[in-house]
Amino acid sequence: IKYVTFDQFLLKIKFISIEILNLIKQYDKIHFIIWGKISKSSLWISLLYVKYFIANKTELEMNEFNKKILIFPNIFDSEKEFNKNPALKTMCIIFDDMSYSGTQMISLLQEAGFYSETSPNYKIYLALSFISSYALQQITTKFPNTCFFETIEVIQSFYDILQQTYKNDL
């Protein structure tokens, strides 16, 4: 459990966006997964990332970047598009603010089919600023090929805190 200021949160997004920009050179296609209702955080989080993408690219680089990007509401549709030409290296990015229990991310990842776990050309990245140790363990256990950015911050979960507080009683 951690209090995060909006400035700290924006700084994480900025660092992850730089990681994304450095990685996209390795991919032919970039699939943005912007899921949920318009009132959900994944939409406004993805807009914050786009702001940093634009700020860190020249106009020419942005035109090339835009040619690679497709936007999907779910992983299933992203995989259908990938299946049309599986030789293209595809980076699928799911945007969200954080994952505390891992439940939402696991639910999204369960939409993924064969390719995300078996194809070397289709990689799913979670663009999360913060993730609890519990969520990280849950996601990596169920979906070992899911990728995380280096600047993601792992925070303690409520379970971790209880375990530390009552370690002698457990």
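Heavy-atom basis, side chains included; hydrogens, waters and symmetry copies ignored. Here the structure is a predicted model, which means the values were calculated and not measured.
Applying the 6.0 Å contact sphere to CD of Glu150 captures no more than 12 heavy atoms from other residues, nucleotides or ligands. Open room surrounds CZ on Phe15; 12 or fewer heavy atoms of other groups in view lie less than 6.0 Å from it. Residue-environment remark: OH (Tyr134) stays at or below the threshold of 12 foreign heavy atoms within 6.0 Å. Within a 6.0 Å sphere centred on NZ of Lys57, other residues, nucleotides and ligands contribute more than 12 heavy atoms.
Shown here for Lys12 and Phe130, the closest heavy-atom pair between the two residues is CG-CZ, 3.9 Å. Scanning both residues, Asn56 and Glu61, for their nearest heavy atoms gives O-OE1, 4.3 Å. Of all heavy-atom pairs spanning Asn121 and Ala87, the tightest one is ND2-O, 3.5 Å. Leu88 and Phe82 get closest at one heavy-atom pair: O-CE1, 3.3 Å. Nearest heavy-atom pair across Val154 and Ser132 is CG1-C, 4.2 Å.
Residues Leu10 and Lys14 have side chains not in contact (no heavy-atom distance under 4.5 Å, counting atoms from C-beta outward). Side-chain contact between Tyr122 and Pro86 is absent, with no heavy atoms from C-beta onward closer than 4.5 Å.
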Handout entry: Trace of the side-chain contact (heavy atoms from CB on, under 4.5 Å) decision for Asn74 with Leu108
Key = CA-CA 7 Å; Asn74 56 55; Leu108 282 169; 5.6 Å; no
Handout entry: Worked check of side-chain contact (heavy atoms from CB on, under 4.5 Å) between Phe143 and Met105
Key = CA-CA 10 Å; Phe143 301 97; Met105 289 297 115; over 6 Å; no
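In terms of modelled atom types and a separation under 3.5 Å, the side chain of Lys123 and the main chain of Cys147 share no donor-acceptor contact.
Between Tyr49 and Phe95, the two ring planes are tilted [angle within 30° to 60°]. The aromatic rings of Trp44 and Phe6 lie tilted to each other, with the angle between the two planes from 30° to 60°.
With rounding to the nearest 0.5 Å, the separation of CD1 in Ile30 from CD1 in Ile71 is 12.0 Å.
Under the 4.5 Å side-chain heavy-atom criterion for grouping Ile, Leu, Val, Met, Phe, Trp and Tyr, Tyr52 is connected to Ile54 within one hydrophobic cluster.
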